Amino acid sequence: MVLVLHNGATGKREEFVPLRHDAVGMYVCGPTVYDYAHIGNARPVIVFDVLYRLLKRRYASVHYVRNITDVDDKISARAREAGEVIGAITARTTAAFHEDMAALGSLPPDSEPRATAHIGNMIAMIERLIERGYAYVAEGHVLFSVAAKADYGKLSNRSRDEMIAGARIDVAPYKRDPADFTLWKPSGEDQPGWDSPWGRGRPGWHIECSAMSLAELGKTFDIHGGGRDLVFPHHENEVAQSEAANGAPFVRYWVHNGFLTVNGEKMSKSLGNFVVVRDALKKAPGEALRLNMLSTHYRAPIDWNDEGIARARQALDRWYGLIEKAEAHWGRSITPDAHVPEAIEAALDDDLNTPQAIAEMHAIANAGYAAGTEDALVPAAASLKAAGAALGVLRMEPHQWFRWQPAGEADGPTDVEIETLIEARKAARKAKNFAEADRIRDDLAARGVLLEDGPQGTKWKRA
RNA sequence: GGCGACGUGGCGGAAUGGUUACGCAGCGGACUGCAAAUCCGUGUAUACCGGUUCGAUUCCGGUCGUCGCCUCCA
């Protein structure tokens, strides 16, 4: 089993060989905690969770780091608007982020450094950059000198001329070069700040990730992930800072996920089409959102819409249906196979081809059903659950899945109410009072409950 | 304007120098008191124009179209 990843540094698919044979380090840019996570924030979390799960199956030690950016001008602005303390906003938003990502089936990373806990490391790194001639102080700011780093632009494949030509913003007068970027900036009284050799101030965004990855993973590490839109300037600047300060190569494999649109349009405040994860979780189970996200290859753009979520839900219905039948036959719950099916591993090894992996799960389910015997359902279910573990789905009991209901909407009938009505309908059917039986069925259907008459009686599920 | 990604059946979405997955929808069937649900079966596609090749959806060039980045937005 050879894992192949598309490496953004070379633009090619490459066999993944970690720095150390038994240990892997991975860093993924985490959220800036000033508001609830939107579905675009969730994409890298889900994608790299699948990679994390795969790496854990292959290597004795995996260190997955995802930072929390808890100092940022957007956070300060939000605090000012809300009349709230910054710490309260970041703590609350971080907790909500953890809940939402867990609901999407993502494992917590091994460490989750907060920027504010690493200010000392950032200052130390900036001092090293000044010493080495890669940064300069100007009017209370510290700036990275792009001209000092000959290979600046290598990750995003841009020349300095192109960057300057493309610059659409006014260049701050204290910059020696329009492409220079901020490492440290002075803070006013109403802004968060830390004492530094350059006065009270706060770090620029890019240096945060460089300092935290150094502290957690060392000068050179295996995988750095994030959204494609971060390639420039964020990741480009990280490379420049880290390599200049550390004198060592920074990242061996850059992995970038593609962008997400909502109903064909870019998510933006002005269009009012932000999909907040927390809201989406009220309307559909987390696993359905997750499977929908994985039904497109991670590097391709994905359009987020209700049809896709419904499709993902149907696929899960079929798989859970098989598991439920197998358990009914087996008389107890199905234990997943110890190993993820070969075909699934092969698909994921191919640059995380999750659509292919999903197709393989359908193949397992189809084979289980097509065998035509109940005995065949049991191994198929065990295999399916093992495959689900690789993708982070099929974590529920079938009855939980089928009885899932939207949160906070009390208009649906309760489980007990449904069971009572089913009993009443059973009696009516026995008495051949089909009009009454159908009335109950239609009534429940109108309230979102589907009945299924089978040899073993009547089962129900919420639509 | 610069850089980059991408155009596969009604829809979503993989793969591939030769026979093109998988799912949804549609259609047919089984099951059922009737249904629904479920299960079984099944038709349809490689944007356009050239080139290379025995053969191109796949490789190369061009056209058209979509999208992203160049604004501390994943």
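Side chains are part of it too, since the values below use all heavy atoms of this structure and drop only hydrogens, waters and symmetry mates. Each chain gets a letter, A, B and so on, in the order its sequence line appears, and its residues count up from 1. Just so it is clear, the structure is predicted and the values come from calculations on it, not from any experiment.
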For [X], which contact category applies under a 4.0 Å heavy-atom criterion: base, sugar-phosphate, or nothing?
X: A/Gly308; result: nothing
X: A/His297; result: sugar-phosphate
X: A/Arg439; result: nothing
X: A/Tyr369; result: sugar-phosphate
X: A/His234; result: nothing
X: A/Arg43; result: nothing
X: A/Leu260; result: base
X: A/Lys325; result: sugar-phosphate
X: A/Asp438; result: base
X: A/Asp453; result: base

Side chain of [X]: nearest nucleotide among [options]?
X: A/Phe434; options: B/G23, B/G33, B/A25; value: B/G33
X: A/Pro355; options: B/A36, B/A74, B/G13; value: B/G13
X: A/Asp350; options: B/C22, B/A74, B/A15; value: B/A15
X: A/Gln314; options: B/A14, B/A25, B/C69; value: B/A25
X: A/Arg429; options: B/C34, B/C24, B/A15; value: B/C34
X: A/Ala437; options: B/U38, B/A14, B/G33; value: B/G33
X: A/Leu450; options: B/A74, B/A36, B/A15; value: B/A36

Taking the nucleotide of RNA chain B with the closest heavy atom to each, which residue, A/Asp317 or A/Arg425, is nearer the 5' end?
A/Arg425

5' precedence on RNA chain B between A/Ala315 and A/Gln356 (nearest-nucleotide basis):
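So the residue in question is A/Gln356.
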
Under the ring-ring contact (aromatic ring centres under 6.0 Å, His included) rule, what do A/Tyr64 and A/Tyr27 come out as? Steps first, then yes or no, please.
CA-CA 6 Å; A/Tyr64 172 26; A/Tyr27 186 96; 9.2 Å; no

Round to the nearest Å and state the distance from [X] atom [atom1] to [N] atom [atom2].
X: A/Glu324; N: B/C39; atom1: CD; atom2: C1'; answer: 15 Å
X: A/Asn263; N: B/C67; atom1: CG; atom2: P; answer: 15 Å
X: A/Tyr152; N: B/C70; atom1: OH; atom2: P; answer: 12 Å
X: A/Trp319; N: B/U38; atom1: CH2; atom2: P; answer: 15 Å

What integer number of Å spans the [atom1] atoms of [N] and [M]?
N: B/C67; M: B/G10; atom1: C1'; answer: 23 Å
N: B/C54; M: B/U42; atom1: P; answer: 37 Å
N: B/U66; M: B/U8; atom1: P; answer: 14 Å
N: B/C3; M: B/C49; atom1: P; answer: 28 Å
N: B/C6; M: B/C59; atom1: P; answer: 10 Å
N: B/G29; M: B/A35; atom1: P; answer: 12 Å
N: B/U44; M: B/A5; atom1: P; answer: 34 Å
N: B/C39; M: B/G7; atom1: C1'; answer: 37 Å

Ignoring hydrogens and angles, answer whether the base of B/A74 and the side-chain atoms of A/Arg228 contain a donor-acceptor pair closer than 3.5 Å.
no

Should the side chain of A/Arg318 and the base of B/C39 be counted as holding a donor-acceptor pair, with the cut-off at 3.5 Å?
no

Is it true that the side chains of [X] and [Y] contain a donor and an acceptor less than 3.5 Å apart?
X: A/Arg202; Y: A/Ser187; value: yes
X: A/Glu419; Y: A/Trp460; value: yes
X: A/Ser210; Y: A/Glu238; value: no

Which atom names give the shortest non-hydrogen contact between A/Leu155 and A/Ala9, and what distance separates them?
CD1-CA, 3.9 Å

Anything under 30° is parallel, anything over 60° is perpendicular, the rest tilted; go ahead and classify A/His141 against A/Tyr174.
parallel

Please say which of A/Arg299, A/Arg228, A/His235 ends up in a side chain to side chain donor-acceptor pair (under 3.5 Å) with A/His256.
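Option passing the side chain to side chain donor-acceptor pair (under 3.5 Å) with A/His256: A/His235.
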
Paired nucleotide for B/A36 [Watson-Crick or G-U wobble; both distances under 3.5 Å]:
none

Considering every strand shown, what is the Watson-Crick or G-U wobble mate of B/C6 when both distances are under 3.5 Å?
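Matched B/C6 with B/G65 under the 3.5 Å cut-off.
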
Heavy-atom distance under 4.5 Å between the side chains of A/His6 and A/Tyr298, does that happen here?
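Contact flag for A/His6/A/Tyr298 side chains = yes.
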
